[in-house]
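Residue numbers begin at 1 in each chain, while the letters A, B, ... track the order of the sequences. The model shown is predicted, which means the values in this text are computed figures rather than measured ones.
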Protein chains: 4
Amino acid sequence: MTPRPAPAWRTTTDWLNTPETLTLERLRGKVILLHAFQMLCPGCVARGIPQAQRVAEVFAGAPLVVVGLHTVFEHHEAMKLESLRAFLHEYRVRFPVGVDAPGEGGDPIPRTMRAYAMQGTPTTVLIDAQGRLRRQLFGVHDDLQLGAELQTLLLEAHTGQASAAQRPTTQVLPAAGCDDSGCAVPSDAAQG
Amino acid sequence: MTPRPAPAWRTTTDWLNTPETLTLERLRGKVILLHAFQMLCPGCVARGIPQAQRVAEVFAGAPLVVVGLHTVFEHHEAMKLESLRAFLHEYRVRFPVGVDAPGEGGDPIPRTMRAYAMQGTPTTVLIDAQGRLRRQLFGVHDDLQLGAELQTLLLEAHTGQASAAQRPTTQVLPAAGCDDSGCAVPSDAAQG
Amino acid sequence: MTPRPAPAWRTTTDWLNTPETLTLERLRGKVILLHAFQMLCPGCVARGIPQAQRVAEVFAGAPLVVVGLHTVFEHHEAMKLESLRAFLHEYRVRFPVGVDAPGEGGDPIPRTMRAYAMQGTPTTVLIDAQGRLRRQLFGVHDDLQLGAELQTLLLEAHTGQASAAQRPTTQVLPAAGCDDSGCAVPSDAAQG
Amino acid sequence: MTPRPAPAWRTTTDWLNTPETLTLERLRGKVILLHAFQMLCPGCVARGIPQAQRVAEVFAGAPLVVVGLHTVFEHHEAMKLESLRAFLHEYRVRFPVGVDAPGEGGDPIPRTMRAYAMQGTPTTVLIDAQGRLRRQLFGVHDDLQLGAELQTLLLEAHTGQASAAQRPTTQVLPAAGCDDSGCAVPSDAAQG
């Protein structure tokens, strides 16, 4: 199946954590992880947003951007801009977040969410460096799988920049003896 | 830095979960995740082995094999073959596991562990389809990072077979309304 | 130290999940767990509120009530009644929740929170059947400890009603063989 | 139902983490949490033993003892004394552990396990200060419930010694601002 161009983002002028409005055009040349969420969606808060934050950390040196999209489709009055701003502050979300534009003609589903035909939140969308929609997934995504998919798009981009594979940023090392992360060889035995 | 060939595995004749002795030569053409562990290493039990099991599941359709290596460097009497066999049974470890050969001349470190200069357990080793050592990591490895690294090696192998990126095997879908995995758009609103 | 009467609750008229305004007088004769939280406090969402929900379940048959208190001391505009209502719905919080009255004279700390000199959220307060303040704890409380403290107050109340100790409501039973919860004796061996 | 005396422990002479053989008689006057486990039972390792360890910590000042019982009913050759000893060392189990005596006449179920009619591992048994069996539970037990049950037995014992309710040993305090454990009131606002 030939990948199609990702639909344009129909956000309002409200973007948080960034001085400028982000568009697919501006981000061309980079792999994009678009994370659609609602601030009162328990699965987004417990699992989706933390995963997006970890992607931003693990792939910090790669030509990849994590973009949040606040796609409110219920309790609209409860999740206005002021609440979202406080939410991002308290949960230490640092990546840029755009607010999806309200649905047209009474549609409860906001416009970008509708354009992508998302089934709910969280939804993770992967867009390649050419702006094509390569993957869209509703619900919680496995980390191993997501890491593999992101790497595929990064390697395709042929950028020559360091990708995650060379950056052991998140290793947890055991202390001497055994602890929760493992067992270290005693230093005298290590010499051989 | 040019990758060097991975050292040969110096296992005893004891292999579990497989009818045959595995060697690097036999596995040439496949990406290998070698997971070195001890059955009484808490970090291996809680985190390392479950990660290796998930890799085996997520990459089930790819030319990739997960191989365990029991590298006992302390409490040798406590982790003999009979205990290991029961351990693999109770923890439902299905991938093949070789027993590393005891160190020579009183060396407490077993031979393969010594040949790879492992610092302890768990240690994760990635070997490419040409049998070259590409990554060795002591301690707990981040899933996103590991997924990316495995995918790099799989894409290099040019096998044309399906890799993990096309196999959404591990997604968790929200039920109607909101649950721990997310919030679904009501079916009437989904129509637009 | 002689316990002192718990300060009165200075809530607004807004109570959720209950048709009536709750007061210490109305609840006299019951042990009270008062859980003070903010809907945008990550520690409350991840740990405090789930603990209060479990207390309500485990002690369902005992003369004990769990009462929430929304004590907003920052981002006031972000956590108004409409947002709180949606939050309780999405997180399936069923216990009654009162909204603490805004601080007087520009005080950012709401009134009940000030009267109890709470240090932040989450704060767990235990009040005995005579309306006396017996315990106040800021931060995350250990379940074993909390269970013990609640039982002390319940036994003091001499009600004769079933308390938690007789109600094994939350046990997880292993299936046949071994699983994550344990290992069952095979049925033939169980006969002896 | 009148509580009956707990059956005697039929352990071999092998006790670990204690210089002496423990019996119900020796421990009379103290509340006992008897934790029956197998070192290769995944649910025991992941959940049962950590819970017993936390009980020992939280109730450290109370007249309560945590006693482990190694009740092997399968893979007997895999879990001999030498393996158990290494297991206790690596998992930092500090409480005394007795080895249940092998079943008689070919019975795979060891003797104490048979005397208590345990259904598998983990099994948690609560014995009061008078040596009576008050609770026996197969599988994973809820912490709140267990804390309440232990406190009931401690209060019955009328010892006058400090029980857990006065010992806030396990609280996690939020740092300034919000973190995973909660949100602290800023110090200037705290003054009122």
Looking at every heavy atom in both B:Gln51 and A:Leu144, which two are closest together, and how far apart are they? O-CD1, 4.5 Å
Closest non-hydrogen atom pair between A:Val58 and B:Asp142, with its separation: CG2-OD2, 3.6 Å
Looking only at heavy atoms, what is the nearest atom pair of A:Ala184 and B:Phe73, with distance? O-CE1, 3.7 Å
Which distance, rounded to the nearest 0.5 Å, do you find between the SG of B:Cys183 and the CZ of A:Phe138? 8.0 Å
When A:Pro108, A:Gly120, A:Gly103 are compared by non-hydrogen pairs under 4.5 Å with chain B, the top option: A:Gly120
Side-chain contact, heavy-atom cut-off 4.5 Å: A:Leu155 with B:Gln151? no
Portion of A:Met113 that has a non-hydrogen atom of chain B nearer than 4.5 angstrom: side chain
Which bit of A:Val45 is near chain B, if near means a heavy-atom gap under 4.5 Å: side chain, backbone, both or neither? neither
